[in-house]
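These notes concern the structure reproduced below.
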Amino acid sequence: MVFNELSLEPLAPDIPTARIWMSDLISTMRTAQKQGLKGIRTQTNFHDLFLAENYPLKRWRNDKEVSREEKTFLLTLATKTPFSVDITDSDIKRNIEDEDYEVIFLEKKAEGLKAAYLLETIAISFNSQNFWNCTRLESTLIQIENDIDITEEIIEVYHASYKSHVLEHADWIKKRLQPSKINGRELWKCRNERFPSLQFCQAGTKQLRRLRSGEDKLEWVVETLEQLEEYAKIWINQGCKEFSLEGYALEVSGESQRTLEQYWRERTFLCPDGEERLFEQHIKLMQCNWRIHFFVNYQAEKVIIGYVGVHLPTAKYST
């Protein structure tokens with residue numbers, strides 16, 4: 001779990017409201033613990049938080065109106081500060097600490113939501129405002145590379161401010177905690193070993209690398225790539241003649257001339273050999289609105305994956 005610091009902006013208007021907020025938060029965290037999420041990460045020392053004016057968490061712990069059970073739970077709760085402490089994955093740790101890697105929610109930097117997204121866990125909030133009463137938070141991920149290139153992407157952060165929200169995520173948490181499950185980033189690292197007949201473009205596969213373990217899209221993408229790898233291996237062994245996916249349970253199509261005239265740039269990607277190519281052919285993932293664009297490189301005897309992600313704009317559907 002990761003605490004969403006924005007949920008305490010503003011503070012509770014009075015002490016009775018602060019008590020209610022804490023009760024809801026503890027109920028949420030207790031439910032998350034039962035699902036297997038044991039501790040919580042915070043930006044600053046959790047026990048130094050102010051819940052309302054002149055009402056810090058330390059005073060809450062000594063409040064006679066607060067139940068002993070809630071106080072005991074908080075005292076035994078494992079907390080880690082700051083967000084990046086004890087993270088063994090160097091890429092995740094670096095991105096959490098990187099000021100050029102931001103998650104924005106309602107025009108505010110959201111450090112807790114960023115950490116939750118990168119760690120593939122749930123962001124926990126006080127139910128202090130209506131927009132925290134949800135199971136997913138649509139946010140904007142902004143990356144600045146080389147002080148020049150800025151990319152923006154809409155992401156969803158798994159979230160809970162009530163115990164019912166946690167229960168809605170129960171299946172995802174169960175999948176997430178299975179050690180055999182990998183995420184998009186781990187899949188990317190082992191792509192050459194897992195798909196030796198395929199090559200992958202860096203820029204067009206960002207959405208693939210951001211898929212979280214237990215996410216259905218990741219399972220569908222892997223199944224499709226495995227089928228593509230299977231055929232590509234046969235194609236290579238047979239001398240790289242005509243490439244056809246006929247007979248495979250894959251829906252393959254090209255683009256209309258109007259779409260290519262309007263949106264060819266969106267389908268052009270820099271390949272591993274340093275050349276830019278137009279990726280017209282694509283496989284439709286019918287379970288979701290995702291596409292895998294590929295290019296058959298007869299000279300290199302490889303199938304290049306240019307893009308994996310949400311449906312690119314077309315002449316008929318611009319968004």
Side-chain angles (χ1 to χ4, degrees), residues 1-87 96 103 105-119 121-137 139 157-170 172-173 176-177:
M1 295 177 282
V2 177
F3 176 65
N4 170 27
E5 75 284 355
L6 295 183
S7 65
L8 265 181
E9 297 179 10
L11 300 177
D14 50 54
I15 291 175
T17 301
R19 293 190 190 113
I20 294 172
W21 287 5
M22 276 300 296
S23 291
D24 289 338
L25 186 74
I26 287 174
S27 174
T28 303
M29 292 191 294
R30 182 182 284 123
T31 304
Q33 268 197 351
K34 291 178 180 178
Q35 297 296 322
L37 303 177
K38 299 302 182 183
I40 188 165
R41 291 180 180 270
T42 61
Q43 186 177 31
T44 57
N45 192 324
F46 190 72
H47 296 279
D48 289 338
L49 292 177
F50 271 76
L51 306 176
E53 188 175 354
N54 299 319
Y55 191 68
L57 195 58
K58 293 176 181 177
R59 185 177 166 190
W60 175 89
R61 291 203 307 265
N62 295 315
D63 191 334
K64 294 181 180 179
E65 298 295 323
V66 176
S67 73
R68 179 179 296 181
E69 184 182 10
E70 289 183 353
K71 294 177 184 178
T72 301
F73 174 83
L74 198 64
L75 286 171
T76 57
L77 179 68
T79 60
K80 291 188 176 183
T81 304
F83 291 131
S84 61
V85 71
D86 293 340
I87 294 177
I96 288 178
V103 168
F105 181 77
L106 296 181
E107 300 182 351
K108 291 184 178 180
K109 287 182 66 173
E111 297 295 339
L113 300 187
K114 178 173 82 168
Y117 178 74
L118 289 170
L119 291 168
T121 190
I122 291 179
I124 300 290
S125 298
F126 286 105
N127 191 39
S128 53
Q129 299 194 63
N130 289 336
F131 44 74
W132 302 130
N133 185 12
C134 64
T135 57
R136 289 172 175 79
L137 294 172
S139 309
V157 180
Y158 285 72
H159 174 261
S161 60
Y162 281 123
K163 65 179 183 180
S164 60
H165 296 161
V166 177
L167 294 175
E168 190 170 324
H169 294 308
W172 176 78
I173 294 172
R176 172 69 184 91
L177 295 177

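Since this is a predicted model, take the numbers as computed values, not measurements. All values below were derived from every heavy atom in this structure, side-chain atoms included, with hydrogens, water molecules and symmetry-related copies excluded.
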[atom1]-[atom2] distance between [X] and [Y], expressed to the nearest 0.5 angstrom:
X: T121; Y: I173; atom1: OG1; atom2: CD1; result: 7.5 Å
X: H159; Y: F105; atom1: NE2; atom2: CZ; result: 7.5 Å
X: L51; Y: M22; atom1: CG; atom2: CE; result: 6.0 Å
X: I40; Y: L74; atom1: CD1; atom2: CG; result: 9.5 Å

Polar side-chain atom of [X] near backbone of [Y] as donor-acceptor pair, under 3.5 Å:
X: Q35; Y: L167; value: no
X: S128; Y: S7; value: yes
X: R41; Y: A116; value: no
X: T28; Y: S161; value: yes
X: H47; Y: L57; value: no

Apply salt bridge (charged side-chain N to carboxylate O under 4.0 Å, His left out) to [X] and list each qualifying residue two or more places apart in sequence or on a separate chain.
X: D63; value: R19
X: K108; value: E9
X: R59; value: none
X: E168; value: none

Do [X] and [Y] come within less than 4.5 Å of each other through their side chains, counting heavy atoms only?
X: I122; Y: W172; value: yes
X: R136; Y: H169; value: yes
X: I15; Y: W60; value: no
X: V2; Y: Q43; value: no

With sequence neighbours left out, what residues match [X] under ring-ring contact (aromatic ring centres under 6.0 Å, His included)?
X: Y162; value: H165
X: F3; value: F46, F126
X: F83; value: none

### Whether over 12 other heavy atoms sit under 6.0 Å from E53 CD
no
### Query
For atom NZ of K163, is the number of surrounding heavy atoms from other residues, nucleotides or ligands below 6.0 Å larger than 12?
no
### Task
Please test V103 against L118 for side-chain contact (heavy atoms from CB on, under 4.5 Å), starting from the C-alpha separation and ending with a verdict.
CA-CA 10 Å; V103 168; L118 289 170; over 6 Å; no
### Task
Name all residues meeting the side chain to side chain donor-acceptor pair (under 3.5 Å) criterion together with T17; count only those two or more places apart in sequence or in a different chain, and write none if there are none.
D14
Residue pair [X] / [Y]: nearest heavy atoms and the distance that separates them:
X: A110; Y: L6; answer: CB-CD1, 3.7 Å
X: S84; Y: I96; answer: CB-CG2, 3.9 Å
X: L137; Y: F131; answer: CD2-O, 3.7 Å
X: Y55; Y: V66; answer: OH-CG2, 4.3 Å

### Summary
In short, ring pair (Phe, Tyr, Trp, His ring centres under 6.0 Å) pairs touching residues 12-35 with sequence neighbours left out are none
### Task
Test S125 against every option in D24, N133, N4 by the side chain to side chain donor-acceptor pair (under 3.5 Å) rule and name the one that passes.
N4
### Summary
So side-chain hydrogen bond (donor to acceptor under 3.5 Å, both in side chains) across residues 109-119, not counting sequence neighbours, yields none
### Message
Checking F73 now: which residues fulfil side chain to side chain contact (heavy atoms under 4.5 Å, CB included) with it, not counting sequence neighbours?
### Response
I26, M29, R30, Q33, L77
### Summary
Hits for side chain to side chain contact (heavy atoms under 4.5 Å, CB included) against A32, two or more places apart or cross-chain, chain-then-number order -> M1, L37, V166
